[in-house]
Structures are given as structure tokens and as C-alpha cells.
Asks: 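Sharing a structure, written as C-alpha cells. Questions coming.
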Amino acid sequence: REATARNFSLYLLGSEPGVAENAARRWQKQVPGLRIVGCETGYFADEAAETAAVERIAAAQPDILLLGLGVPRQEFFALHHLPRFQTGLVWCVGA
């Protein structure tokens with residue numbers, strides 16, 4: 001709700017195929033006006049697929065990037081790719 005009030009956009013990355021999309025739909029139903037600018041699985045077939053995901057995130061320029069890749073993978077992902085993102089907040093939410 002706070003993200004919507006401040007007009008912040010979110011990008012969800014993580015979990016199995018379809019999970020981030022389902023979360024996005026549920027959140028947008030609960031919080032009308034919530035801007036989710038992208039969501040996708042956290043399972044990358046190879047380094048090229050990971051690079052492509054990073055490029056999509058960078059292009060979307062979310063205000064908040066939620067990473068659900070599991071500990072410590074999400075922290076390593078954020079540390080490695082952070083220079084590419086124009087996001088105000090990277091939030092590691094995976095267990």
C-alpha cells in the first residue's frame with residue numbers, strides 16, 4: 001500500500017515459473033493501482049538467461065526489486081548485478 005501511495009514500481013524475481021506472476025496478480029487485486037513492472041522465475045538455464053533477466057530488470061527501472069532466490073544466492077545476485085540497476089531498493093525476501 002505504501003508503494004502505491006508513493007507511486008513506486010516493483011519487480012519480482014524468484015521462485016519457480018509462475019509463482020512471481022501469481023503473487024503479482026494477488027497483490028494487485030489486494031492493492032488496486034500497485035505498479036508491478038515485471039516478474040519472472042529465478043531459475044536460469046544458463047548465464048545467458050541470467051544476463052537477459054538482468055537486462056529486463058534494468059530496462060524496467062523498478063523502484064523496488066524483490067529477490068526471492070534463496071539465501072545466499074539472492075545476496076550474491078544483488079551484489080553482482082547491483083551496478084546495472086537504477087532501483088532505489090533491492091529487497092532480498094527468499095528463505
Side-chain angles (χ1 to χ4, degrees):
R1 288 180 175 84
E2 188 66 25
T4 301
R6 294 176 181 255
N7 198 32
F8 288 165
S9 61
L10 281 67
Y11 197 108
L12 286 63
L13 176 69
S15 201
E16 297 177 1
V19 173
E21 291 86 351
N22 186 41
R25 281 191 298 274
R26 293 180 70 191
W27 287 355
Q28 287 174 317
K29 190 174 190 179
Q30 292 175 354
V31 183
L34 180 63
R35 286 190 318 123
I36 299 179
V37 295
C39 51
E40 59 188 281
T41 182
Y43 290 88
F44 308 116
D46 53 29
E47 192 172 325
E50 181 173 333
T51 299
V54 168
E55 289 173 1
R56 286 189 293 275
I57 295 166
Q61 297 183 337
D63 296 300
I64 302 170
L65 171 60
L66 292 135
L67 295 177
L69 303 174
V71 175
R73 185 171 168 240
Q74 61 201 8
E75 288 79 11
F76 289 132
F77 181 93
L79 183 63
H80 182 71
H81 297 296
L82 191 58
R84 291 276 322 206
F85 304 139
Q86 299 295 317
T87 184
L89 173 70
V90 176
W91 188 1
C92 296
V93 298

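The figures that follow rest on heavy atoms only: side chains count, while hydrogens, waters and symmetry mates do not.
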Asks: Running the 4.5 Å side-chain criterion over Ile, Leu, Val, Met, Phe, Trp and Tyr, what cluster does Leu79 land in, apart from itself?
Replies: none
Asks: Not counting sequence neighbours, list each pair that qualifies as a salt bridge (Lys or Arg N to Asp or Glu O under 4.0 Å) and has a residue in residues 66-89.
Replies: none
Asks: Search all heavy atoms of Gln74 against all heavy atoms of Leu67 and return the closest pair with its distance.
Replies: OE1-O, 3.1 Å
Asks: Without placing hydrogens or testing angles, list every side-chain donor-acceptor pair under 3.5 Å for residues 87-95, not counting sequence neighbours.
Replies:
residue: Thr87; atom: OG1; partner: Pro62; partner atom: O; Å: 3.0
residue: Thr87; atom: OG1; partner: Asp63; partner atom: O; Å: 2.9
residue: Thr87; atom: OG1; partner: Leu89; partner atom: N; Å: 3.4
residue: Thr87; atom: OG1; partner: Leu89; partner atom: O; Å: 3.1

Asks: Compare every heavy atom of Ala49 with every heavy atom of Ala45, then report the nearest pair and how far apart it is.
Replies: N-CB, 3.9 Å
Asks: Pairs in or reaching into residues 48-81: which pass ring pair (Phe, Tyr, Trp, His ring centres under 6.0 Å), with residues at least two apart or in two chains?
Replies: Phe77-His81
Asks: Using the side-chain contact (heavy atoms from CB on, under 4.5 Å) criterion, which residues pair with Arg6? Sequence neighbours excluded.
Replies: Glu2, Phe8
Asks: Any salt bridge (Lys or Arg N to Asp or Glu O under 4.0 Å) involving residues 13-34? Give me the pairs, sequence neighbours left out, ordered by first then second residue.
Replies: none
Asks: What is the distance from atom CG of Leu65 to atom CD1 of Ile57, rounded to the nearest 0.5 Å?
Replies: 5.0 Å
Asks: Closest approach of Ala20 and Leu12, non-hydrogen atoms and distance?
Replies: O-CD2, 3.7 Å
Asks: Determine whether Val54 and Leu69 fall in the same hydrophobic cluster, where Ile, Leu, Val, Met, Phe, Trp and Tyr are linked whenever their side-chain heavy atoms lie under 4.5 Å apart.
Replies: yes
Asks: Compile the donor-acceptor pairs under 3.5 Å between side chains in residues 33-44 and protein atoms, sequence neighbours left out, one pair per line.
Replies:
residue: Arg35; atom: NE; partner: Asn7; partner atom: OD1; Å: 3.1
residue: Arg35; atom: NH2; partner: Asn7; partner atom: O; Å: 2.9
residue: Glu40; atom: OE1; partner: Arg56; partner atom: NH2; Å: 2.6
residue: Glu40; atom: OE2; partner: Tyr11; partner atom: OH; Å: 2.4
residue: Glu40; atom: OE2; partner: Arg56; partner atom: NE; Å: 3.2
residue: Thr41; atom: OG1; partner: Ser15; partner atom: O; Å: 2.8
residue: Thr41; atom: OG1; partner: Tyr43; partner atom: N; Å: 3.1

Asks: Apply side-chain contact (heavy atoms from CB on, under 4.5 Å) to Gln86 and list each qualifying residue two or more places apart in sequence or on a separate chain.
Replies: Gln61
